[in-house]
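I have placed the structure first, in the form of C-alpha cells, so that the comments after it can refer back to it.
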Amino acid sequence: MPVTDPIADFLTRIRNAVKARKKFVDIPSSKTKISLAEILKNNKFIRDYNIVEDNKQNVLRVHLQYINGVPSITGIKRISTPGLHLYIGKDDLPKVLNGLGIAIVSTSKGLLTDRQARKEEVGGEVICHVW
C-alpha cells in the first residue's frame with residue numbers, strides 16, 4: 001500500500017513502537033529515513049539502526065533505547081507536511097523544550113538539528129520535533 005507521507009509514517013512507526021515497548025521497529029528504507037535515524041542516534045534518542053537487505057527497497061531496522069525501562073523518546077511530532085511546508089530562517093529556528101529536545105531541519109547542507117543549523121547559520125524546512 002503506497003504511503004503519501006513516508007516521513008510521517010517513519011515517525012508514527014517509532015512512536016507506536018515506543019508506546020508498545022518494542023526493542024526495535026522495521027521501516028521501509030530510504031536515504032532520508034537513514035539520515036533521520038542517524039540524527040536520532042547521534043542525539044541518543046535511539047540505540048542504533050541497521051539496514052536489512054531484501055529484494056525490494058531494503059528495510060531500516062531502528063533499535064529503540066530505554067534507560068531503566070523509560071524510553072529515550074517521550075514525544076515525536078511531524079511539523080512540516082506535504083500539504084503545508086514550514087520554512088524557517090536562520091534567526092527563527094525553534095528550540096524544543098528549551099533545548100532538551102531537538103528540531104530536525106532540512107537545509108541546503110542536508111538534514112541538521114536546530115543546534116547544527118544555528119552553528120552553520122542556515123535555515124530550512126522544519127521536518128519534526130523530538131523530545
Side-chain angles (χ1 to χ4, degrees):
M1 178 165 80
V3 177
T4 57
D5 187 2
I7 295 173
D9 179 61
F10 172 84
L11 300 174
T12 300
R13 286 179 191 235
I14 289 177
R15 185 182 315 112
N16 290 343
V18 165
K19 285 187 178 183
R21 300 278 197 243
K22 300 287 185 185
K23 291 185 178 183
F24 63 88
V25 60
D26 289 338
I27 303 165
S29 181
S30 73
K31 288 180 183 178
T32 305
K33 293 175 190 176
I34 292 169
S35 296
L36 284 168
E38 183 67 31
I39 289 173
L40 292 175
K41 178 183 174 186
N42 291 341
N43 288 279
K44 297 181 174 52
F45 284 108
I46 63 173
R47 193 165 33 93
D48 201 4
Y49 70 92
N50 59 332
I51 297 166
V52 179
E53 305 234 351
D54 64 1
N55 56 1
K56 293 183 198 169
Q57 73 181 69
N58 297 338
V59 174
L60 178 65
R61 180 165 287 167
V62 177
H63 299 275
L64 303 172
Q65 178 168 304
Y66 299 93
I67 300 169
N68 297 329
V70 178
S72 295
I73 296 175
T74 56
I76 190 164
K77 182 179 180 185
R78 179 82 156 118
I79 302 299
S80 190
T81 64
L84 181 63
H85 295 281
L86 179 66
Y87 295 97
I88 299 292
K90 66 177 183 173
D91 299 325
D92 300 323
L93 289 166
K95 281 193 175 183
V96 180
L97 292 179
N98 288 326
L100 294 177
I102 61 169
I104 299 176
V105 184
S106 177
T107 69
S108 58
K109 298 184 178 186
L111 289 181
L112 302 174
T113 65
D114 54 331
R115 288 183 206 102
Q116 292 170 323
R118 266 189 220 91
K119 186 177 176 184
E120 298 278 335
E121 295 186 353
V122 292
E125 182 180 2
V126 180
I127 302 295
C128 64
H129 289 171
V130 184
W131 63 97

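Within 6.0 Å of atom CD in E121, 12 or fewer heavy atoms from other residues, nucleotides or ligands are found, so the atom counts as exposed in its surroundings.
Rounding to the nearest 0.5 angstrom, the gap separating the CD atom in E38 from the CG atom in N43 is 10.0 Å. In this structure, L112 CG and R115 CZ are separated by 12.5 Å, a value rounded to the nearest 0.5 Å. Taking NZ from K44 and CD1 from I67, the interatomic distance works out to 10.0 Å, rounded to the nearest 0.5 Å. Separating the CG atom in L97 from the CD1 atom in I102 is a distance of 11.5 Å, to the nearest 0.5 Å. Taking CZ from R78 and CD1 from I104, the interatomic distance works out to 10.5 Å, rounded to the nearest 0.5 Å. Taking NZ of K22 as the reference point, atom CG of N16 lies at 10.5 Å (rounded to 0.5 Å).
Here the options are H63, K41, R61, the test is side-chain hydrogen bond (donor to acceptor under 3.5 Å, both in side chains), and the partner is D48; only K41 passes.
Within the 4.5 Å cutoff, no side-chain heavy atoms of I127 are placed close to those of I79. Contact annotation: the side chain of V62 never approaches that of F24 to less than 4.5 Å [non-hydrogen atoms, C-beta and beyond]. Looking only at side-chain heavy atoms (C-beta outward), I39 and T113 come within less than 4.5 Å of each other. Counting only heavy atoms from C-beta outward, the side chains of I34 and Y49 approach each other to under 4.5 Å.
Side chains of E125 and S80: a donor on one and an acceptor on the other come within 3.5 Å.
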